[in-house]
Amino acid sequence: IGYTESLTENMCWLPDDRHVCFTSNNLVCLVDTVTNQQMFLKGHKARISCMAFNTSSKLSLLVTCEEGKHPGVRVWDFTQWFKAVKKAPLEDAKENQHPNIHARVEPTSKPTTTLPLPKCLLELKTPHASIHHVAMTGRHAIRKKQNYVVFAGKDKQARQLLAVYDLAKIRKGKIELIAKQISEFDVRKVFFCPYSNDPTGLVTVGESSIRFLRIKNKHLPGFSLPLNEYSKNKFMDAAFEAKYGETDDQKKRIYVSSDA
C-alpha cells in the first residue's frame with residue numbers, strides 16, 4: 001500500500017523507533033522497517049486528511065481525521081500493541097529487511113507471531129464542518145496524565161474554528177470538550193506549546209498570523225506576535241527546540257517557516 005504523497009505530514013516514526021505509521025486513502029498503515037511487514041487499520045469512510053500521535057502518558061493514542069463535510073474522527077489505542085511488540089518472540093532474520101527501507105534500528109529480528117491490531121476506542125464528532133490539522137500533547141507534557149487534542153478547521157459558515165478535547169477518560173468512553181473558539185485569524189496549523197506552564201497553551205500559524213493562545217472559561221483568548229516586515233507572509237509550519245530545558249532553558253525558540 002503506497003503513501004498518499006499529496007498529504008505530506010501523514011507519516012511518523014512510532015516511539016519504538018522501528019515502526020512507521022502513515023495513511024493511504026482511508027487506511028492507516030503500519031510498517032515494520034525491519035521485516036517490511038504491513039498492517040492496516042480500517043474504519044474511515046473517506047480519505048484521511050490529517051493525523052497526530054501522543055506518547056506523553058500511560059496511553060499511546062493516534063487520532064485520525066477524514067476529509068469532507070462533517071468529518072469522522074477516530075481515536076486508536078496503541079498502548080497494548082506496543083506491549084505486544086516488545087514481548088513478541090523474535091528470531092534472527094537480518095536477511096528479511098527490505099532493501100529499500102533504512103531502519104533506525106539494526107535489522108536483527110522478525111516477529112514469529114501475529115500482533116493484535118491497535119483498537120479504535122472512539123469515533124468522535126466534532127463541531128467542525130471540515131478539519132485540516134490536528135495536534136496532541138507530546139513528550140513535553142508536564143503531567144503524565146495529560147491527553148489533550150486540538151482540531152483546526154472550519155465551521156458551517158467557513159469560519160476558522162479551534163476545538164480542544166481532554167481524552168484522559170477515553171477508555172471509559174468519556175471525552176470532554178474543554179474549549180472552542182471561532183478565530184478571526186487564519187489558522188493553517190496549531191500546536192501545543194512545550195514552553196508554556198499551562199499544559200493547554202497553544203501556538204497557531206497562518207496567513208499573516210502567529211498567535212499564542214490559552215484556555216480560559218472554555219474559550220481560547222490570546223495575542224498575536226508582531227510581525228513587522230513579515231506581516232504579509234503566509235506562515236506554513238512551526239517547530240520547537242528538540243531539547244529545551246536540558247541545556248539552557250532560557251533558549252526556548254520557536255522556528256516558523258513561510259511560503260516566501
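Note: W81 and F78 have perpendicular aromatic rings, judged against thresholds of 30 and 60 degrees for the angle between ring planes.
Residues T23 and M51 meet the side-chain proximity criterion, which asks for heavy atoms closer than 4.5 Å. At a threshold of 4.5 Å between non-hydrogen side-chain atoms, the residues C120 and V75 do not count as touching. Here the side chains of F151 and V63 are in contact, with some heavy-atom distance below 4.5 Å. Contact check for Q38 versus D32: no side-chain heavy atoms found under the 4.5 Å cut-off. Using a 4.5 Å cut-off on side-chain heavy atoms (C-beta onward), Y255 and F240 make no contact. Inter-residue side-chain proximity for F53 and C21 is flagged as unmet; no heavy-atom pair is nearer than 4.5 Å. Within the 4.5 Å cutoff, side-chain heavy atoms of Q160 are placed close to those of K154. Proximity of L227 to F235: side-chain heavy atoms (C-beta onward) are separated by under 4.5 Å at one or more points.
Of the N and O atoms on the side chains of H128 and T126, at least one donor lies less than 3.5 Å from an acceptor on the other residue. In the model, T64 has a side-chain atom that pairs as donor or acceptor with a side-chain atom of H44 under 3.5 Å. Judged purely by distance below 3.5 Å, without hydrogens or angles, the side chains of N54 and N147 pair a donor atom with an acceptor atom.
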Run V28 and F40 through side-chain contact (heavy atoms from CB on, under 4.5 Å) and show every step you take.
CA-CA 6 Å; V28 179; F40 309 104; over 6 Å; no
What do the steps show when you test F191 against H133 for ring pair (Phe, Tyr, Trp, His ring centres under 6.0 Å), and what is the final call?
CA-CA 9 Å; F191 309 88; H133 194 243; 5.7 Å; yes
Take L220 and I215 through the side-chain contact (heavy atoms from CB on, under 4.5 Å) test and state the conclusion after the steps.
CA-CA 5 Å; L220 291 165; I215 293 178; 3.5 Å; yes
Run L41 and L27 through side-chain contact (heavy atoms from CB on, under 4.5 Å) and show every step you take.
CA-CA 6 Å; L41 306 183; L27 295 176; over 6 Å; no
For side-chain contact (heavy atoms from CB on, under 4.5 Å), just list the numbers for T200 and R214, CA-CA rounded to whole Å, side-chain angles, deciding distance to a tenth of an Å, and then say yes or no.
CA-CA 6 Å; T200 58; R214 64 185 180 91; 5.7 Å; no
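The OG atom of S183 lies 7.5 Å from the CD atom of Q181; values are rounded to the nearest 0.5 Å. Here the straight-line distance linking atom CZ of R159 with atom CD1 of I182 works out to 4.5 Å at 0.5 Å rounding. Here the CG-OG1 distance, from D17 to T33, works out to 9.0 Å after rounding to the nearest 0.5 Å. Atom OG of S130 sits about 8.5 Å away from atom CG of D155, to the nearest 0.5 Å. Separation of atoms CH2 (W76) and CG (L121) is listed at 10.0 Å; rounding is to 0.5 Å. Taken to the nearest 0.5 Å, the CZ atom of R18 stands 12.5 Å off from the CG atom of L30.
Here the closest heavy-atom approach between residue K180 and residue H219 is recorded as O-ND1, 3.4 Å. Nearest heavy atoms, M236 versus D259: CG-N, 3.7 Å. Residues A46 and N26 share a closest heavy-atom pair of O-CB, 3.2 Å. Between A152 and L162 the shortest heavy-atom distance is CB-CD2, 3.7 Å. The minimum heavy-atom distance linking E66 with P71 is given by the pair O-CB, 3.1 Å. Looking at every heavy atom in both residues, L177 comes nearest to A163 through CD1-CB, 4.1 Å.
Applying the side chain to side chain donor-acceptor pair (under 3.5 Å) test to pairs two or more places apart or on separate chains, those with a residue in residues 220-232 are R211-S224.
F185 and V190 fall into different hydrophobic clusters, defined by Ile, Leu, Val, Met, Phe, Trp and Tyr side-chain heavy atoms under 4.5 Å apart, directly or through other members. W13 and V31 end up in the same hydrophobic cluster when Ile, Leu, Val, Met, Phe, Trp and Tyr side chains are linked at under 4.5 Å. Under a hydrophobic clustering in which Ile, Leu, Val, Met, Phe, Trp and Tyr are joined whenever their side-chain heavy atoms come within less than 4.5 Å, directly or via other members, L124 and L161 fall into different clusters. Hydrophobic clustering places I178 together with V187 (ILVMFWY residues linked when any side-chain heavy atoms are closer than 4.5 Å, directly or through intermediates).
Atom CD of Q157 is surrounded by more than 12 heavy atoms from other residues, nucleotides or ligands within 6.0 Å.
The backbone N or O of I48 sits less than 3.5 Å from a side-chain atom of N10, completing a donor-acceptor pair. Remark: the backbone N or O of S60 is paired with a side-chain donor or acceptor of T79 at under 3.5 angstrom. Of the possible donor and acceptor atoms, none in the side chain of D186 sits under 3.5 Å from a partner among the backbone N and O of G206.
Using a 4.0 Å cut-off between charged side-chain N and carboxylate O, R47 and E67 make a salt bridge.
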